[in-house]
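What follows is a short report on a single structure.
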Amino acid sequence: QVRLVESGGGLVQAGDSLSLSCAATGSTLSSYTTGWFRQAPGLKREFVLYVAPNGDTIVSADASLGRFSASRDNAKNTVTLQMRNVQPWDSAVYYCAVSPRPTNSINDYHTWGQGTQVTVSS
């Protein structure tokens with residue numbers, strides 16, 4: 001059974017770049033679609049992007065505004081979310097999750113990490 005652990009969150013300033021890592025144990029991420037989601041206080045969890053098994057990456061235009069990307073390191077069994085020019089509205093708990101198929105639907109993701117907090121100060 002796959003287990004996911006996110007890391008890399010913290011307090012940053014507006015305009016900074018930040019990378020979040022999703023590390024998997026128990027299975028290989030290249031067998032799944034790995035998605036990144038975020039949830040701010042009082043709001044629903046929203047889709048950020050996913051990396052499909054073939055490496056294709058689909059990014060939410062609304063969440064990213066062209067600033068987010070992702071990569072998978074098969075040797076380390078990690079997927080990294082790269083964020084640049086972060087802004088206060090990017091503050092949220094960021095979660096990674098896996099799905100058996102490429103999808104941006106939160107309901108299709110069956111295993112989740114515990115999340116990592118990102119706080120962006122202005």
Side-chain angles (χ1 to χ4, degrees):
Q1 183 175 356
V2 64
R3 180 172 176 263
L4 306 174
V5 178
E6 303 93 336
S7 62
L11 175 63
V12 296
Q13 292 188 332
D16 285 351
S17 296
L18 187 66
S19 292
L20 306 180
S21 178
C22 174
T25 57
S27 190
T28 56
L29 286 177
S30 59
S31 299
Y32 300 93
T33 290
T34 304
W36 279 97
F37 296 79
R38 67 185 183 183
Q39 187 168 18
L43 300 180
K44 292 193 292 187
R45 195 169 297 188
E46 68 169 340
F47 169 75
V48 175
L49 58 76
Y50 72 67
V51 181
N54 66 357
D56 287 349
T57 301
I58 300 298
V59 183
S60 165
D62 289 343
S64 169
L65 301 176
R67 300 170 298 133
F68 297 170
S69 62
S71 59
R72 188 176 64 223
D73 186 327
N74 291 334
K76 295 181 178 179
N77 208 22
T78 59
V79 170
T80 298
L81 168 64
Q82 292 109 6
M83 303 186 290
R84 60 180 180 85
N85 191 25
V86 294
Q87 298 298 318
W89 60 81
D90 294 317
S91 297
V93 178
Y94 283 72
Y95 299 89
C96 66
V98 294
S99 168
R101 65 184 184 90
T103 176
N104 62 1
S105 173
I106 191 171
N107 294 326
D108 291 332
Y109 287 82
H110 56 74
T111 301
W112 293 77
Q114 82 290 348
T116 185
Q117 176 71 50
V118 172
T119 303
V120 184
S121 64
S122 58

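Throughout, residue positions are numbered sequentially from 1 according to the sequence presented.
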Margin query: Listing request: all side chain to side chain donor-acceptor pair (under 3.5 Å) pairs with a residue in residues 56-66, at least two apart in sequence or in separate chains.
Written below: Asn54-Asp56
Next item on the list: In sequence, state the C-alpha distance, the side-chain angles, and the governing distance for Ile106 and Tyr95, and then conclude on side chain to side chain contact (heavy atoms under 4.5 Å, CB included).
Entry: CA-CA 11 Å; Ile106 191 171; Tyr95 299 89; over 6 Å; no
Notebook entry, point to check: Taking ILVMFWY side chains as joined if any heavy atoms are under 4.5 angstrom apart, and letting links pass through other members, which residues group with Trp89?
Noted result: Leu65
Margin query: Please list all pairs meeting disulfide bond (SG atoms under 2.5 Å apart) that have one or both residues in residues 58-119, counting only residues at least two apart or in different chains.
Written below: Cys22-Cys96
Note to self: Ignoring hydrogens, what is the shortest heavy-atom contact between Thr119 and Gln117? Give both atom names and the distance.
What the structure shows: OG1-NE2, 3.4 Å
Margin query: The criterion is ring pair (Phe, Tyr, Trp, His ring centres under 6.0 Å); which residues satisfy it with Tyr109, sequence neighbours excluded?
Written below: Phe37
Note to self: The criterion is side-chain hydrogen bond (donor to acceptor under 3.5 Å, both in side chains); which residues satisfy it with Arg67, sequence neighbours excluded?
What the structure shows: Asp90
Margin query: Among residues at least two apart in sequence or on other chains, which ones pass side-chain contact (heavy atoms from CB on, under 4.5 Å) with Ala23?
Written below: Thr78
Check: Which residues satisfy the side-chain contact (heavy atoms from CB on, under 4.5 Å) test with Asp108, sequence neighbours excluded?
Finding: Ser99, Arg101, Thr103, Ser105
Next item on the list: Using the test side-chain contact (heavy atoms from CB on, under 4.5 Å), find all partners of Gln82 that sit at least two apart in sequence or belong to another chain.
Entry: Ser19, Ser69, Ser71, Thr80
Checklist line | Whether Arg38 side chain and Ser91 backbone form a donor-acceptor pair below 3.5 Å | finding: no
Item checked: Minimum heavy-atom distance between Gly55 and Arg72, given as atom pair plus value -> N-NH2, 4.0 Å
Notebook entry, point to check: Closest approach of Pro88 and Ser121, non-hydrogen atoms and distance?
Noted result: CG-C, 4.4 Å
Check: Nearest heavy-atom pair of Tyr50 and Pro102: which atoms, and what distance?
Finding: OH-CB, 3.6 Å
Next item on the list: Apply side-chain contact (heavy atoms from CB on, under 4.5 Å) to Thr28 and list each qualifying residue two or more places apart in sequence or on a separate chain.
Entry: Ser30, Ser31, Asn77
Note to self: Using every non-hydrogen atom in the two residues, find where Arg84 and Gly66 come nearest and quote the distance to one decimal.
What the structure shows: NH2-O, 2.9 Å
Next item on the list: Determine the minimum heavy-atom distance between Gln39 and Ala92, stating which atoms define it.
Entry: O-CB, 3.4 Å
Next item on the list: Please list all pairs passing the side chain to side chain donor-acceptor pair (under 3.5 Å) test where one or both residues lie in residues 1-10, with sequence neighbours left out.
Entry: none
Checklist line | Residue pairs, two or more places apart or on separate chains, that pass disulfide bond (SG atoms under 2.5 Å apart) and touch residues 52-87 | finding: none
Item checked: Residues clustered with Tyr32, ILVMFWY side-chain links under 4.5 angstrom -> Val2, Leu4, Val12, Leu18, Leu20, Leu29, Trp36, Val48, Leu49, Val51, Val59, Phe68, Val79, Leu81, Met83, Val86, Tyr94, Val98, Val118, Val120
